[in-house]
K.L.:
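Have a look at this one before I ask anything.
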Protein chains: 2
Amino acid sequence: MNRRKQEKLAKAGWKVGTAAEFLRLTPQEELYVELKASLCQQLKRQRLRSHLTQEELARRVKSSQSRIAKMERCDPSVSIDLLIRSLLAIGTTRREIARAIA
Amino acid sequence: MNRRKQEKLAKAGWKVGTAAEFLRLTPQEELYVELKASLCQQLKRQRLRSHLTQEELARRVKSSQSRIAKMERCDPSVSIDLLIRSLLAIGTTRREIARAIA
DNA sequence: CCAGTATATGTCAGCCTTGACATAATGGCA
DNA sequence: TGCCATTATGTCAAGGCTGACATATACTGG
């Protein structure tokens, strides 16, 4: 958001900030969710690249369509553990995972 | 282990194999534990580099000495989530975490 | 040898994550 | 529009993870 618009909103009584500020995350929590988000995106990218539906992917990683959807949406209920196990299950290499994280 | 010794043990009725084989891990599970092990080592390295005791580190990451010990020993009861949250808590960057994983 | 510090191991109640299921929204396509 | 495939959201019992505590073991200087 540019400065102009921000000032305009401020005049109208709004506050502008990052999602982390809004959710009152500590800097560490912020890093954590960002890192997790990278893995969520990586999972979705890998799935689309493989032309799989969530249903099909779910079968491969022995999970369910709903959980795959939550993973890709980065739902708070999914762990990095599950994300990494899912990525490994569809052939993502450590190097690729590292690349997604960095 | 060299070939000679392996044959010798085989004659004596022993089987020789990797830890993964012994524990009957699937290739994916093996990748998972290896990746986790890298993070465990990284945590220990970072702690020693910072000249912290497990007790002190535990306070920083709001955990307990026993759990830190389990993390560094790569106890099955510790999750990648906790490892990553701990690493972030002591100032490890995403890049460094990625480097440890790759 | 002992005391003191650091690390390792075992246990467990309480909370968090998971797969599964139901159901709702979304997006084409005829 | 209605139908179908896909994805999103809500819920929950069962199992996994966590911090805390107790205790054991390892290490070191005196």
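Just so we're clear, the structure is a prediction, and the values are computed from it rather than from any experiment.
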K.L.:
Can you measure A:K62 atom NZ to C:dA20 atom C1' for me and round it to whole angstrom units?
P.N.:
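Taking atom C1' of C:dA20 as the reference, NZ of A:K62 is at 16 Å.
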K.L.:
Indicate whether OP1 or OP2 belonging to D:dT18 is found under 4.0 Å from a side-chain N or O atom of B:S79.
P.N.:
yes
K.L.:
Would you confirm whether A:D81, through its side chain, and B:S79, through its main-chain N or O, come within 3.5 Å as a donor-acceptor pair?
P.N.:
no
K.L.:
Just checking, is any N or O donor in the side chain of A:Q41 or A:E72 under 3.5 Å from an acceptor N or O on the other one?
P.N.:
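Looking only at side-chain atoms, A:E72 and A:Q41 do not form any donor-acceptor pair under 3.5 Å.
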K.L.:
So which one's nearest nucleotide on DNA chain C is more toward 5', B:E55 or B:D81?
P.N.:
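In this pair, the answer is B:E55.
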K.L.:
Under 4.0 Å between a side-chain N or O of B:R59 and OP1 or OP2 of D:dG19?
P.N.:
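So the side-chain polar atoms of B:R59 never come under 4.0 Å of the phosphate oxygens OP1 or OP2 of D:dG19.
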K.L.:
Would you compute the distance between atom CG of A:L57 and atom CZ of A:R47 and round it to the nearest 0.5 angstrom?
P.N.:
7.0 Å
K.L.:
What is the separation between atom CD on B:E72 and atom C1' on D:dT25, rounded to the nearest whole Å?
P.N.:
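Those two atoms, CD and C1', are 16 Å apart.
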K.L.:
Return the 5'-most residue of the pair B:T53, A:L83 with respect to DNA chain C, ranking by each residue's nearest nucleotide.
P.N.:
B:T53
K.L.:
Closest to the B:S66 side chain: D:dT9, C:dA8, D:dC21?
P.N.:
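Of the candidates, D:dC21 comes closest.
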K.L.:
Grab the CG-P distance between A:L52 and D:dT6 for me, whole Å please.
P.N.:
11 Å
K.L.:
Taking the nucleotide of DNA chain D with the nearest heavy atom to each, does B:R85 or B:Q65 sit closer to the 5' end?
P.N.:
B:R85
K.L.:
Rounded to whole Å, how long is the line connecting atom CZ of B:R47 with atom C1' of C:dT7?
P.N.:
8 Å
K.L.:
B:S77 side chain N/O closer than 4.0 Å to the phosphate oxygens (OP1, OP2) of D:dC17?
P.N.:
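Negative; the distance criterion is not met.
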K.L.:
Please say which of B:L87, B:L83, B:I97 ends up in a side chain to side chain contact (heavy atoms under 4.5 Å, CB included) with B:Q42.
P.N.:
B:L87
K.L.:
Whole angstrom is fine here: how far is it from CD in B:Q54 over to C1' in D:dT25?
P.N.:
13 Å
K.L.:
Go through D:dT18, D:dA8, C:dT7 for me and flag the one nearest to the B:L82 side chain.
P.N.:
D:dT18
K.L.:
Taking atom P of C:dT18 as reference, at what distance in whole Å does atom CD1 of A:I68 sit?
P.N.:
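Rounded to whole Å, this separation is 11 Å.
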K.L.:
For the CZ atom of A:R99 and the OG1 atom of A:T92, what is their distance to the nearest 0.5 Å?
P.N.:
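Going from CZ on A:R99 over to OG1 on A:T92, the span is 13.5 Å.
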K.L.:
With a 4.0 Å limit, can you tell me whether B:R67 has a side-chain N or O closer than that to the phosphate oxygens OP1/OP2 of C:dT11?
P.N.:
no
K.L.:
Starting at atom CG of A:D75, determine the distance to atom P of D:dT7, rounded to an integer number of angstrom.
P.N.:
17 Å
K.L.:
Roughly how many Å is it from CG in B:L48 to P in C:dT7, rounded to a whole number?
P.N.:
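Interatomic distance, CG of B:L48 to P of C:dT7: 8 Å.
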K.L.:
Considering just the side-chain nitrogens and oxygens of B:R73, establish if one lies under 4.0 Å of OP1 or OP2 belonging to C:dT9.
P.N.:
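Answer is yes, contact under 4.0 Å.
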K.L.:
Nearest to the side chain of A:S64, heavy atoms from C-beta on, is which of D:dT6, C:dA8, C:dG19?
P.N.:
C:dG19
K.L.:
Can you find an N or O donor on one side and an acceptor on the other, under 3.5 Å apart, linking the side chain of B:K70 with the base of D:dG19?
P.N.:
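Checked by distance alone, the answer is no.
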